[in-house]
Novice: 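Have a look at the structure that comes next, please.
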Amino acid sequence: MNNDLQRADFWKRISAFLFDFIIIGIVIVGVAWALSAALRFDDFKNHLDACDKAYEEEFGIDFDITAEEFEKLTDEERQKYDEASKKLMTDDVRYYYYSMTVNLMLIIVIISVLVGHLLIELIVPLILGNGQTLGKKIFGIAVMRSDGVKVTAFQMFVRAILGKCTVETLIPVLVVIMIISNVTGVLGLVVLFALVLAQCILLIVTKARTPIHDLMAVTVTVDIASQRIFDTAEDLLEYKKKRQAEIAAKSDY
């Protein structure tokens with residue numbers, strides 16, 4: 001095996017990512033379905049829809065219209081729309097179902113995404129070793145510290161949970177949910193744009209095409225067949241001393 005950094009092929013990394021993405025998606029959907037049933041999410045959502053429908057029937061309007069459709073409304077229709085909106089916003093019962101629906105949605109998403117990443121991106125790599133997920137195992141790539149030493153459990157936690165799960169997945173997903181739910185506006189779009197831009201810059205500018213999660217954990221993805229990964233920093237130091245001694249011995253001739 002080579003001691004020089006043998007970065008994993010970009011397309012192998014993409015293939016492994018897509019494979020793991022599918023597996024994580026299956027886990028997330030399964031956990032979300034179970035939580036949705038246990039927390040009675042559909043009941044709260046149905047009550048919320050019933051409240052909105054009651055106001056639509058009372059005022060003869062439709063809340064689910066686009067900005068273009070709203071502009072085409074007559075003055076009388078706009079007045080009805082505004083009256084219905086004001087009454088809807090001051091309805092305590094409707095607000096209760098709305099807040100419960102949004103809060104439960106956030107809880108389900110957070111727990112589902114966290115469980116998916118814990119299982120596939122943390123527990124499986126700790127079992128297989130060398131930071132290998134199922135996808136990485138199949139495509140022959142691994143994760144190590146940037147200095148060539150085996151990745152630690154703490155680094156895998158930073159990489160998988162803080163990097164991949166929190167920064168790269170949960171924050172964007174939660175921002176999108178808040179934008180859809182009218183909880184945030186321009187600020188949410190700015191956060192999304194900043195994250196996407198930062199990820200793109202790192203993938204383009206850095207030599208190893210380092211994403212955010214590898215930058216946070218100080219790790220690198222390598223080709224397992226050709227990369228020598230040392231068990232400890234002491235082993236790496238001993239190897240360097242040995243190599244220096246060999247080079248010095250050759251130079252004497």
Novice: V113 and side-chain contact (heavy atoms from CB on, under 4.5 Å): which single residue from L174, V173, L118, T169 fits?
Specialist: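 Exactly one option meets the side-chain contact (heavy atoms from CB on, under 4.5 Å) with V113, and it is T169.
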
Novice: Linking I/L/V/M/F/W/Y whenever their side-chain heavy atoms sit closer than 4.5 Å, directly or via other members, would I123 and I120 fall into one cluster?
Specialist: yes

Novice: Walk me through it: do Y97 and N46 pass the test side chain to side chain donor-acceptor pair (under 3.5 Å)?
Specialist: CA-CA 9 Å; Y97 288 121; N46 290 336; over 6 Å; no

Novice: Heavy-atom distance under 4.5 Å between the side chains of R159 and M216, does that happen here?
Specialist: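 A side-chain contact is absent here, since even the closest heavy-atom pair is not under 4.5 Å.
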
Novice: Should Y98 and F44 be marked as a side chain to side chain contact (heavy atoms under 4.5 Å, CB included) after you check the CA-CA gap, both sets of side-chain angles, and the distance that decides it?
Specialist: CA-CA 8 Å; Y98 171 78; F44 290 103; over 6 Å; no

Novice: Of all heavy-atom pairs between S36 and D42, which one has the smallest distance, and what is that distance?
Specialist: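 Heavy-atom minimum between the residues: OG-OD1, 4.1 Å.
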
Novice: Using 0.5 Å steps for rounding, measure from the CD atom of Q155 to the NZ atom of K150.
Specialist: 13.5 Å

Novice: How close do F41 and I108 get, heavy atom to heavy atom, and via which atoms?
Specialist: CB-CD1, 4.0 Å

Novice: Can you label the angle between the F157 ring and the F154 ring as parallel, tilted or perpendicular, going by 30° and 60°?
Specialist: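 Ring orientation, 0 to 90° scale: parallel.
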
Novice: Please assess K53 against D49 for the test salt bridge (charged side-chain N to carboxylate O under 4.0 Å, His left out), listing each intermediate value before the final yes or no.
Specialist: CA-CA 6 Å; K53 187 175 181 180; D49 292 340; over 6 Å; no

Novice: Determine, using the 4.5 Å side-chain heavy-atom cutoff (strictly less than), whether L162 and I212 are members of one ILVMFWY cluster.
Specialist: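 As far as the 4.5 Å side-chain criterion goes, I212 and L162 are connected within one cluster.
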
Novice: Of all heavy-atom pairs between K136 and D20, which one has the smallest distance, and what is that distance?
Specialist: N-OD2, 4.2 Å

Novice: Mind running side chain to side chain contact (heavy atoms under 4.5 Å, CB included) on M105 and I177 for me, showing each step along the way?
Specialist: CA-CA 9 Å; M105 185 186 301; I177 291 176; 3.7 Å; yes

Novice: Is I110 linked to L119 within one hydrophobic cluster, defined over Ile, Leu, Val, Met, Phe, Trp and Tyr using a side-chain heavy-atom separation of less than 4.5 Å?
Specialist: yes

Novice: Please, which pairs that meet side chain to side chain donor-acceptor pair (under 3.5 Å) have at least one residue in residues 186-195, sequence neighbours excluded?
Specialist: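 Listed once each, the pairs would be none.
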
Novice: To the nearest 0.5 Å, what is the distance between OG1 (T221) and CZ (F10)?
Specialist: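 These two atoms lie 11.5 Å from each other.
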
Novice: Decide salt bridge (charged side-chain N to carboxylate O under 4.0 Å, His left out) for K12 and D9; before the verdict, give the C-alpha distance in whole Å, the side-chain angles of both, and the deciding distance to 0.1 Å.
Specialist: CA-CA 5 Å; K12 282 187 177 182; D9 178 76; over 6 Å; no

Novice: Find out whether L195 and I171 are in side-chain contact, i.e. whether some heavy atom of one side chain is under 4.5 Å from a heavy atom of the other.
Specialist: yes

Novice: Are L88 and R94 side-chain neighbours, meaning at least one heavy-atom pair lies under 4.5 Å?
Specialist: yes

Novice: Would you mind reporting whether F59 and K87 have side-chain heavy atoms less than 4.5 Å apart?
Specialist: yes

Novice: Quick one: do L134 and V124 satisfy side chain to side chain contact (heavy atoms under 4.5 Å, CB included)? Show the steps, please.
Specialist: CA-CA 7 Å; L134 295 174; V124 169; 4.2 Å; yes

Novice: So, taking the atom named CD1 in I26 and the one named CZ in F21, what distance separates them when rounded to the nearest 0.5 Å?
Specialist: 11.0 Å

Novice: Just by distance, with hydrogens left out, do S226 and D223 show a side-chain donor and acceptor under 3.5 Å apart?
Specialist: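 Result is yes, a qualifying pair exists.
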
Novice: Is the closest side-chain heavy-atom distance between I28 and V115 below 4.5 Å?
Specialist: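 Not touching, per the 4.5 Å side-chain cut-off.
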
Novice: Are any side-chain N or O atoms of Q227 and backbone N or O atoms of Q6, one a donor and one an acceptor, separated by less than 3.5 Å?
Specialist: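 Such a contact is found between Q227 side chain and Q6 backbone.
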
Novice: Let me confirm one number: the CG-OG1 distance from L122 to T133, rounded to the nearest 0.5 Å.
Specialist: 12.0 Å

Novice: Any ion pair linking R78 and E71 (charged N to carboxylate O, less than 4.0 Å)?
Specialist: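 Here E71 pairs with R78 in a salt bridge, since their nearest N and O are under 4.0 Å apart.
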
Novice: Should Q199 and E168 count as side-chain neighbours, where that means a heavy-atom distance under 4.5 Å?
Specialist: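 Yes, at least one pair of side-chain atoms sits under 4.5 Å.
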
Novice: Spell out, yes or no, whether F139 and I22 are grouped together once hydrophobic residues are joined by side-chain heavy atoms under 4.5 Å, including indirect joins.
Specialist: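 F139 and I22: separate clusters.
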
Novice: Check whether T166 reaches the backbone of G163 with its side chain - one donor and one acceptor, N or O, closer than 3.5 Å.
Specialist: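 Absent.
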
Novice: Do M144 and V220 come close enough that some side-chain heavy atom pair is under 4.5 Å?
Specialist: yes

Novice: Is the closest side-chain heavy-atom distance between L189 and V175 below 4.5 Å?
Specialist: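 Result no, sub-4.5 Å side-chain heavy-atom pair not found.
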
Novice: Look up atom CE in M89 and atom OH in Y55, then write down how far apart they are to the nearest 0.5 Å.
Specialist: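 These two atoms lie 11.0 Å from each other.
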
Novice: If Ile, Leu, Val, Met, Phe, Trp and Tyr residues are connected whenever their side-chain heavy atoms lie under 4.5 Å apart, and connections chain through other members, are V176 and V196 in the same group?
Specialist: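 V176 and V196: separate clusters.
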
Novice: So does V149 get a backbone contact from the side chain of D147, meaning a donor-acceptor N/O pair under 3.5 Å?
Specialist: yes

Novice: Spell out, as yes or no, whether a donor-acceptor pair under 3.5 Å connects the side chain of T90 to the backbone of K86.
Specialist: yes

Novice: Closest heavy-atom contact between G131 and M156?
Specialist: CA-SD, 3.8 Å

Novice: Determine the minimum heavy-atom distance between L202 and P211, stating which atoms define it.
Specialist: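 What the structure gives for the nearest pair is CD1-C, 4.1 Å.
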
Novice: Taking all non-hydrogen atoms of both residues, which atom of A16 and which atom of I141 are closest, and how far apart?
Specialist: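 Minimum heavy-atom contact is CB-CD1, 3.9 Å.
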
Novice: What distance do Q244 atom CD and K240 atom NZ have between them, rounded to the nearest 0.5 Å?
Specialist: 9.5 Å

Novice: Are H117 and I24 close enough, and set up right, to give a side chain to side chain contact (heavy atoms under 4.5 Å, CB included), and what steps lead you there?
Specialist: CA-CA 7 Å; H117 282 80; I24 291 176; 4.3 Å; yes

Novice: Verify, without hydrogens or angle tests, whether T206 (side chain) and T210 (backbone) share a donor-acceptor contact under 3.5 angstrom.
Specialist: yes

Novice: Please step through side chain to side chain donor-acceptor pair (under 3.5 Å) for the pair D235 and T232, ending with a clear verdict.
Specialist: CA-CA 5 Å; D235 291 340; T232 65; 3.3 Å; yes

